[in-house]
Amino acid sequence: MAQAYDHSTIEKKAQEKWAALNLSLTDVGDENKEPYYLLCEFPYPSGDLHTGHWYAFAVTDIYARYLRMQGKNVLFPIGFDAFGLPAENAAIRNNADPKEWTYKNIERMRTQLASMGASFDWSKEVTTADPSYYRWTQWLFAKLFEHGLAYRKEASVKWCPKDQTVLANEQVIDGCCERCGTPVEEKRLTQWFLKITEYAERLLADLEPLPWREEIKEAQRAWIGKSEGAYIEFPISGREEKVKVFTTRPDTIYGATYVVLAPEHFLISTLLGVVSNKKEVEKYIAATTKKTERERSENKEKTGIKLEGVTAINPATKEEIPIYIADYVLASYGTGAVMAVPAHDDRDFEFAKKFDLPIREVIEPVTGKPLPDEQFRKSIVAVVENKKTGQILCLDWTDEYGGVLFIGGGLEEGEDPAAAAVREIKEETGYKNLRVLGTLGKSHHHYYAFSKKIARNVEVIGVHLELVDDERNEPALEENEKNRFSVLWLTKDEAERKVKDENHALVFRRFIRNKPYTGNGILANSGTFSGRESEEAMADIVQAVGGEQALQYRLRDWLVSRQRYWGCPIPIVYDPEGKPHVVPAEHLPWLLPTDVNFKPTGKAPLASSKELRERVTKIFGEGWTPEYDTLDTFVDSAWYFMRYLDPQDTHSFSDVALMKKWLPINRYSGGSEHTTMHLLYARFFYKALYDLALVPTAEPFAERFNRGIILGPDGAKMSKSRGNVVNPDDFVAKYGADAVRLYLAFIGPYNEAGSYPWNLEGVASMRKFLDRVVRLFARVDKEEMPRELARRLAQTGAKVGEDCKRFKFNTALAALMSLLNALEKLQNVPASALREFTLLLAPFAPHLSEHLWERLGGEGSVHQTLWPSSDSSLFAKNEAEIVVQVAGRRRGSVQLRAEASEAEALAEALKISAVQNALGGKEPSRVIYVPGRILNLVV
RNA sequence: GCUGGGGUGGCGGAAUGGUAGACGCACAGGGCUUAAAACCCUGAGAGGGCCCAAAAAUCCUCAUGUGAGUUCGAGUCUCACCCCCAGCACCA
């Protein structure tokens with residue numbers, strides 16, 4: 001074999017050595033070294049280590065090893081997120097014990113994780129399915145319950161009919177179960193919730209100062225989904241009840257021409273007594289509640305039904321307006337009821353069109369910015385449609401300020417806008433037969449008419465017309481309008497693209513695209529508020545209609561009940577009256593019973609346990625009953641990083657002093673798929689504990705890095721069905737773990753969530769690099785280190801260190817490769833240079849580096865040695881290549897002393913013939929000189 | 001649709017406003033070899049000019065999605081547009 005070393009022997013030996021030296025064992029009480037807590041998301045013990053695991057753990061391990069060489073006391077723990085569905089599903093399939101399945105997998109994964117050379121501190125291992133762990137999950141749940149942060153309510157929940165369980169909102173993707181893809185159903189059950197909504201504002205605000213990548217923060221913000229608005233009550237005519245709505249646009253209330261309730265709205269049952277179309281309404285509600293979430297959102301065609309015989313009163317206009325029920329209003333957001341303003345909301349507009357409801361414009365859009373000395377004028381913009389060809393009539397203005405516009409023109413004193421539109425069209429195009437389809441409310445347009453050199457403030461009325469036939473006269477153009485434009489018929493798409501004028505575009509959008517105006521503007525038809533700016537008047541309007549300013553969040557409380565077996569039992573028992581009580585601490589861990597039937601029956605598996613019922617009776621008395629649900633596994637993983645500090649603690653979930661010392665976590669490395677769920681839950685949980693004075697800081701993670709994903713060699717996501725799954729073990733066997741680590745580090749930047757195809761030649765090329773390193777070591781000699789080489793090593797050391805800090809392992813490795821290229825060119829390779837090279841390589845290829853370290857006669861382990869400190873005097877260069885540019889283009893370069901003066905540099909530069917050529921005999925009019933870098937001669 | 005992140009060779013990717021394409025893959029030519037593999041050396045963004053001819057060096061032009069702008073100098077900053085990816089999405 002042409003490989004220069006035997007990786008299996010070397011790797012085995014190195015791992016044994018590290019184990020004997022307790023290399024990755026962290027003394028968390030150490031007071032001498034600076035603590036650094038490096039956390040990886042812990043794996044689910046699915047049984048086999050795949051490429052994703054390697055990418056997650058082996059690459060982060062590089063950083064752990066680097067930090068140790070920086071003299072840091074590094075805590076780099078690992079554990080298993082061991083509760084969850086796959087174990088239970090496997091158990092159902094094989095009629096086995098989920099516990100056995102899980103622990104067998106954990107055993108297997110421990111060996112596999114060790115094989116990558118990851119320097120985890122196994123003494124801190126945590127397994128969420130261990131009673132010694134979940135005892136504290138239960139304890140923490142009890143704390144939340146005692147402080148009102150865990151509560152029970154009957155709620156409409158997402159139910160997966162296949163897995164026979166309730167799901168969290170987050171586990172529903174496009175209306176389907178995240179795990180099995182089955183469309184979810186709605187079910188009303190009494191469930192446990194954690195009050196994450198109470199922390200919405202702080203989860204949002206505390207995100208701001210965190211130095212995380214914007215995409216991570218933005219995803220969390222979107223998930224929390226804050227909006228500012230107001231609650232406003234709409235009285236129901238002749239009744240006590242009121243419809244309370246949430247709106248972000250109280251300024252549009254004068255345009256609210258109906259009210260809509262969600263089908264689940266609590267008022268409906270009362271109102272059903274008085275409506276005259278009770279049967280139809282009930283039918284509609286039955287039909288919509290039967291629909292799955294998916295069906296509701298898939299079919300965006302608006303449906304709904306009017307409540308006949310009852311009306312609401314618009315508190316602003318005092319008008320009676322109809323009440324509808326429609327499933328486009330969500331019961332779970334705001335108040336489950338909305339005031340509909342069809343003129344200024346897309347959804348209400350669509351609904352109003354379908355049910356033929358009045359559309360009242362109360363916002364006049366404003367385009368352009370007010371200018372000094374404006375001339376006021378009234379005008380029209382006419383959008384003429386030829387329904388036969390689907391084209392729109394436009395004018396192409398040929399003068400220099402022109403462009404494509406619709407027909408526009410001034411309104412004569414007292415003239416009807418529609419009539420003015422017809423007149424303008426005739427004058428400018430000659431078309432005779434037009435039908436007016438509709439007109440729009442006013443908008444305002446500020447602009448500067450260059451051709452006339454005046455600023456204008458135009459009040460525009462949009463008119464929509466249809467061309468009846470092609471009959472046409474000569475246009476009746478005024479003298480100054482002749483030859484200044486041509487008539488143009490454009491398709492709708494062309495017209496949309498070519499008509500740039502903002503105000504014209506508004507009219508087009510409204511008539512042709514059938515979209516309402518949803519922006520701000522000047523209030524109209526709004527009583528005493530008419531004429532004011534919509535944004536500015538908002539607060540006054542809320543006050544005038546007796547509303548209250550309010551915030552709403554998209555985030556819902558966290559549903560944590562699961563009707564599954566393999567999870568942490570909820571530590572709750574019910575007294576004979578059915579009131580919940582927490583299981584007292586002395587009875588924790590509240591063990592998961594083993595005498596259960598976990599075949600999916602639609603009932604919680606724990607309900608089949610005789611032992612659990614007897615346990616409750618025995619401890620609490622006759623008539624007491626257990627809670628049968630288990631906790632969402634996201635609860636288990638919301639606090640595991642605290643347990644790592646003190647995993648065997650039997651008195652507390654973690655140690656106060658250690659938490660104070662080690663939290664917040666310095667850097668949390670994980671996958672982008674956990675940005676919204678796990679990361680948000682963990683932040684919430686931590687904040688709740690902070691408020692109970694159980695943890696020392698308000699945020700758990702100082703830094704968060706999302707890594708990317710490794711794709712198959714074909715550039716597609718790895719999947720068994722595609723047959724593009726790469727098994728890292730094959731590569732480890734052939735090229736060694738070090739080569740695989742190197743390849744994953746080199747594949748792309750680790751500090752961003754990109755996606756990188758696995759190159760089948762990649763690992764081999766890394767092995768080639770390592771083989772070259774080994775061959776280089778055969779050429780070691782005792783020469784003194786030349787200064788130039790010492791500098792090169794120092795520079796590389798600094799570069800590699802910097803890149804490691806930024807998780808840019810790809811460029812760190814590139815620097816090492818360049819260094820190797822340079823070393824290979826040397827006649828004599830000094831041992832001291834090889835020693836330093838080994839140190840720089842150690843975090844990346846830990847096994848081989850250990851071997852080479854021994855060959856060089858190094859003491860102890862290379863991984864216990866400090867990173868080479870660089871002598872800063874080495875960085876001072878005495879000579880530098882100065883690039884010479886003429887007018888910003890490179891024309892050559894000169895070698896100069898670093899401190900050379902501009903005059904010296906210029907003199908040298910002028911000797912270059914290419915520079916002379918480019919100057920063309922002229923003297924440079926200006927010289928820019930950046931010492932040590934560049935000399936730019938401007939002609 | 002909204003929000004965020006991107007767009008650089010055949011590919012993965014590099015570049016504090018200062019030599020664009022580091023480093024590597026794939027590729028081509030050469031060496032070693034009976035031969036192949038392995039290994040080593042060399043080349044390479046595209047185009048052009050120079051030349052009897054070929055090769056190399058040197059030289060010139062064009063090149064970081066498109067178009068404009070700021071600057072002595074732009075992959076990097078500003079504006080507009082196009083495209084890709086991710087998150088959210090009937091959230092009032």
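In what follows, every chain begins at residue 1, and chains take the letters A, B, ... in the order their sequences are listed. Values below: all heavy atoms of this structure, side chains included; hydrogens, waters and symmetry mates excluded.
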Pairing check on [N]: which nucleotide meets the Watson-Crick or G-U wobble criteria with it, both distances under 3.5 Å?
N: C23(B); result: G12(B)
N: C52(B); result: none
N: A38(B); result: none

Determine: side-chain N/O of [X] to OP1/OP2 of [N], distance under 4.0 Å, yes or no.
X: Arg890(A); N: G18(B); value: no
X: Arg889(A); N: C62(B); value: yes
X: Lys768(A); N: C25(B); value: yes

Under a 90° cut-off about 0 for the syn range, is G47(B) syn or anti? anti
Please work out if Arg772(A) contacts a base, only the sugar-phosphate, or nothing of the nucleic acid, heavy-atom cut-off 4.0 Å. sugar-phosphate
Considering every strand and a 4.0 Å limit on heavy-atom distances, what is the contact class for Val338(A): base, sugar-phosphate, or nothing?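 Contact class for Val338(A): base.
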When only distance counts, do a donor and an acceptor, one from the side chain of Glu752(A) and one from the base of G6(B), lie under 3.5 Å apart?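 Not at all, since no donor on one side and acceptor on the other fall under 3.5 Å apart.
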Quiz question: going by heavy-atom distance under 3.5 Å, is there a donor-acceptor pair between the base of U16(B) and the side chain of Arg933(A)?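 Between U16(B) and Arg933(A), which were checked side chain against base, a qualifying N/O pair under 3.5 Å is present.
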Let me know the distance between CZ of Arg221(A) and P of A89(B), rounded to the nearest Å.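 It works out to 17 Å between those atoms.
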Rounded distance in Å - CG (Leu744(A)) to P (G24(B)): 18 Å
Using the rule ring-ring contact (aromatic ring centres under 6.0 Å, His included), only one of Trp758(A), Phe731(A), Tyr735(A), Phe809(A) pairs with Tyr743(A); which is it? Trp758(A)
Decide yes or no for Tyr328(A) and Leu330(A): does some side-chain heavy atom of the first lie under 4.5 Å from some side-chain heavy atom of the second?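 The answer is no, as the side chains (C-beta and beyond) never meet within the 4.5 Å cut-off.
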Close side-chain approach of Lys226(A) and Arg221(A), heavy atoms under 4.5 Å: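 Not touching, per the 4.5 Å side-chain cut-off.
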